[in-house]
Number of protein chains: 2
Amino acid sequence: MQSGRKSASVDKAFELVHAVSDAGRDGITLGALASRAGIAVSTAHRYVTSLLELGVLDRDAAGSYRLGVTLIMLAGQYLDEDGLRAAARPYLAELVEVSGETVHLGVLVGEQIVYVDKVESAKSIRLVSHIGKRAPLHCTAMGKAMLALLGPARRDEILSGPLEVRTPKTLVGNALLAELGVVRDQGFAIDDEENEEGVRCVGLAIMNASGEPVGAFSVSAPAARFSRDDCHRLAPKARAMAADISKRIGGRTPYRRSST
Amino acid sequence: MQSGRKSASVDKAFELVHAVSDAGRDGITLGALASRAGIAVSTAHRYVTSLLELGVLDRDAAGSYRLGVTLIMLAGQYLDEDGLRAAARPYLAELVEVSGETVHLGVLVGEQIVYVDKVESAKSIRLVSHIGKRAPLHCTAMGKAMLALLGPARRDEILSGPLEVRTPKTLVGNALLAELGVVRDQGFAIDDEENEEGVRCVGLAIMNASGEPVGAFSVSAPAARFSRDDCHRLAPKARAMAADISKRIGGRTPYRRSST
DNA sequence: ACTCTGCATTCGAGTTACTCGAATCTATTT
DNA sequence: AAATAGATTCGAGTAACTCGAATGCAGAGT
């Protein structure tokens with residue numbers, strides 16, 4: 001095998017980083033790391049040495065490996081430079097104003113949403129959430145808004161995978177498929193306690209120039225004070241925003257096509 | 001040259017990532033990237049191919065390279081697992097309550113602070129700030145709080161470097177050194193518009209078991225409504241918190257030693 | 001319509017820097 | 001003091017890397 005077109009070292013290094021990431025709060029030892037990543041201990045050690053020096057990984061008091069602060073710095077840089085985020089910010093802020101609830105911005109990554117921005121409402125009950133957190137597509141407002149606009153092939157590929165039933169109200173199978181039709185028609189998605197009990201959200205997708213959904217935003221609030229009607233009342237304004245944001249990033253207007 | 005103790009590939013890959021990070025909002029081309037990192041274009045291409053596939057880098061519409069969302073996911077994971085952050089959270093929240101102003105948590109990385117957490121005040125004038133953002137040590141409340149507790153050798157090393165004068169009130173040279181003495185004595189630092197005009201902060205360091213400052217927290221507010229007296233009024237409570245947080249992460253009580 | 005220019009991508013020869021298992025070192029536990 | 005678990009170093013062998021040059025591709029200029 002001569003020169004492939006990518007770097008095995010880089011791939012393995014990030015496999016290690018992900019292994020550390022997956023290890024969670026307790027960290028992980030070198031040996032465990034090596035076996036998870038499927039490489040020899042001594043090799044893993046070599047990589048880890050570099051990653052430590054770079055600050056991508058870190059060691060805790062017990063000597064276990066953790067993620068390092070370099071990741072935070074890079075992520076901060078990413079957020080500073082993210083065009084979608086910059087374009088969406090003012091709209092999100094306005095949406096918090098009019099709704100009085102917390103607003104999130106997410107991007108589509110593989111079969112998940114990654115939260116990249118959040119504007120919190122002044123109200124006291126804070127929904128715990130993190131920038132960088134991931135969430136599934138099928139049971140969130142942002143996710144369903146994007147799924148509804150995805151090409152049928154890609155969409156079915158995602159829907160055919162295992163879909164976690166997170167609450168009694170989570171939709172899967174044909175019910176979900178039907179729901180996506182409704183989402184496409186009305187131009188927004190409602191997560192009616194499908195992802196987390198007691199939390200209701202409205203979500204809308206943002207499109208790029210090729211007409212693919214690249215991200216979405218949502219308004220989330222405790223179900224007790226945020227009814228389905230509230231969602232519908234918010235929708236016209238939010239739809240105009242989704243169109244504006246999409247235009248700002250050079251994309252198309254979402255929800256303007258008929259599709260299977 | 002036989003087996004060194006670290007991986008050249010990993011080092012170079014991250015040099016590329018940093019080069020992309022430094023490139024800023026406009027992204028960067030492969031050629032420019034290669035020359036900045038000091039490697040051949042074809043080699044850079046190989047690395048970049050892997051980094052793209054991993055989502056660490058991304059390409060924009062124009063084909064320029066940008067940072068990718070994988071960094072956000074990893075950073076989110078880091079924040080979830082960060083012990084200091086977990087230990088400090090409740091205190092920071094309480095500090096926002098009592099002060100009514102925005103509170104930040106930062107860690108010491110090299111000669112800079114990296115912000116890892118923020119709890120915003122309800123008040124409307126929002127100080128723009130980002131998790132992941134970096135700030136210098138010599139002209140911030142967090143930075144001075146940590147500098148004051150750093151070993152003299154390390155401290156002088158940092159102070160002897162070039163120190164940016166950011167505002168008319170920024171302290172450098174002997175004035176700064178004297179100020180650090182005051183900080184050590186009183187157990188907290190005040191940034192009196194030294195980093196940014198119109199912004200005043202109180203900062204306190206958090207220590208690890210070896211007695212080194214590993215992080216700090218600060219209360220920041222518009223100078224107009226946050227006087228030096230306000231800072232002093234807040235100090236006793238904040239000092240108790242710094243001690244508690246340090247203890248929680250297995251560290252010593254800060255500001256309890258005499259030093260040069 | 002054609003060429004030019006800038007950049008991305010592929011290719012192939014040469015060799016560096018990687019990979020692995022085993023040995024050694026270090027720290028913690030019994 | 002011995003045992004255990006993990007980190008670190010070593011050395012032989014070779015896979016995967018590096019570089020310059022060639023090729024491919026798209027947009028700008030004439």
Side-chain angles (χ1 to χ4, degrees), chain A residues 1-17 19-20 22-68 208-210 250, chain B residues 1-17 19-20 22-68 208-210 250:
Chain A
M1 198 178 318
Q2 65 184 34
S3 55
R5 58 188 60 62
K6 56 180 189 155
S7 162
S9 302
V10 173
D11 288 353
K12 281 185 204 136
F14 273 93
E15 216 158 300
L16 289 175
V17 173
V20 172
D22 292 343
R25 217 168 297 271
D26 300 322
I28 186 169
T29 67
L30 182 61
L33 205 46
S35 78
R36 280 214 204 183
I39 58 187
V41 183
S42 50
T43 308
H45 181 255
R46 178 196 268 281
Y47 284 116
V48 161
T49 303
S50 274
L51 292 170
L52 283 176
E53 190 177 292
L54 291 161
V56 174
L57 295 183
D58 205 351
R59 303 186 74 169
D60 62 18
S64 292
Y65 295 96
R66 306 300 200 84
L67 296 177
N208 68 8
S210 331
Chain B
M1 199 175 318
Q2 66 186 33
S3 55
R5 57 190 57 66
K6 56 179 189 156
S7 163
S9 301
V10 173
D11 288 353
K12 281 184 203 138
F14 273 93
E15 217 159 298
L16 289 175
V17 173
V20 172
D22 292 343
R25 216 168 298 273
D26 300 323
I28 188 169
T29 67
L30 182 61
L33 206 46
S35 77
R36 280 212 203 185
I39 58 184
V41 181
S42 51
T43 307
H45 181 256
R46 179 197 268 280
Y47 284 117
V48 161
T49 302
S50 273
L51 292 171
L52 283 175
E53 191 177 290
L54 291 161
V56 175
L57 295 183
D58 205 351
R59 304 186 73 168
D60 61 18
S64 292
Y65 294 95
R66 306 300 200 83
L67 296 177
N208 68 7
S210 332

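Letters A, B, ... mirror the listed sequences (proteins, then strands); counts begin at 1.
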(request) Can you see which heavy atom on A:T29 is nearest to which on A:Y65, and at what distance? (result)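 Nearest pair, atom of A:T29 first, then A:Y65: C-CD1, 4.2 Å.
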
(request) Indicate the atoms forming the closest heavy-atom contact of A:D11 with B:S50, along with that distance. (result) OD1-OG, 3.0 Å

(request) Taking only heavy atoms on the protein side, list every residue of residues 29-37 of chain A lying under 4.0 Å from any atom of DNA chain D, sorted numerically. (result)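 Nucleic-acid contacts, sorted: A:T29, A:L30, A:G31.
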
(message) Quick check on contacts: within residues 56-66 of chain A, what sits under 4.0 Å from DNA chain D by heavy-atom distance?
(response) A:R59, A:Y65

Can you find a heavy atom in the side chain of [X] that is under 4.5 Å from one in the side chain of [Y]?
| X | Y | value |
| --- | --- | --- |
| B:D58 | B:L67 | no |
| A:L57 | A:R66 | no |
| B:R36 | B:D22 | yes |
| B:I39 | B:L33 | no |

[X] [atom1] to [N] [atom2], straight-line distance once rounded to whole Å:
| X | N | atom1 | atom2 | answer |
| --- | --- | --- | --- | --- |
| B:I39 | C:dT16 | CD1 | C1' | 15 Å |
| A:R5 | D:dC17 | CZ | C1' | 15 Å |
| A:D11 | C:dT19 | CG | P | 12 Å |
| A:L16 | C:dT19 | CG | P | 10 Å |
| B:K6 | C:dT16 | NZ | P | 19 Å |

Which one, [options], comes nearest to the side chain of [X]?
| X | options | answer |
| --- | --- | --- |
| B:R46 | D:dC17, C:dC18, C:dC20 | D:dC17 |
| B:S42 | D:dG20, C:dC18, D:dA16 | D:dG20 |
| A:H45 | D:dC17, C:dC20, D:dA7 | D:dA7 |

With a 4.0 Å cutoff (strictly under), does any side-chain N or O of [X] reach OP1 or OP2 of [N]?
| X | N | value |
| --- | --- | --- |
| B:Y47 | D:dC17 | no |
| A:T43 | C:dC20 | yes |
| A:K12 | C:dC18 | no |

(message) So does B:H45 get a backbone contact from the side chain of B:T49, meaning a donor-acceptor N/O pair under 3.5 Å?
(response)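 Yes.
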
(message) Looking at A:R59 and A:S64, would you say the former's side chain and the latter's main chain have a donor-acceptor pair under 3.5 Å?
(response)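 Side chain of A:R59 to backbone of A:S64, a donor-acceptor pair under 3.5 Å: no, none is there.
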
(request) Could you check B:S9 against B:Y47 for side-chain hydrogen bond (donor to acceptor under 3.5 Å, both in side chains), going step by step and ending with a plain yes or no? (result) CA-CA 8 Å; B:S9 301; B:Y47 284 117; 3.3 Å; yes

(message) On DNA chain D, compare the nucleotides closest to A:V41 and B:G38; which residue's is nearer the 5' end?
(response)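 Its nearest nucleotide lies further toward 5', so the answer is A:V41.
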
(message) Students often get this wrong, so: under 4.0 angstrom with heavy atoms, is B:T49 touching a base, only sugar-phosphate, or nothing?
(response)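 No contact.
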
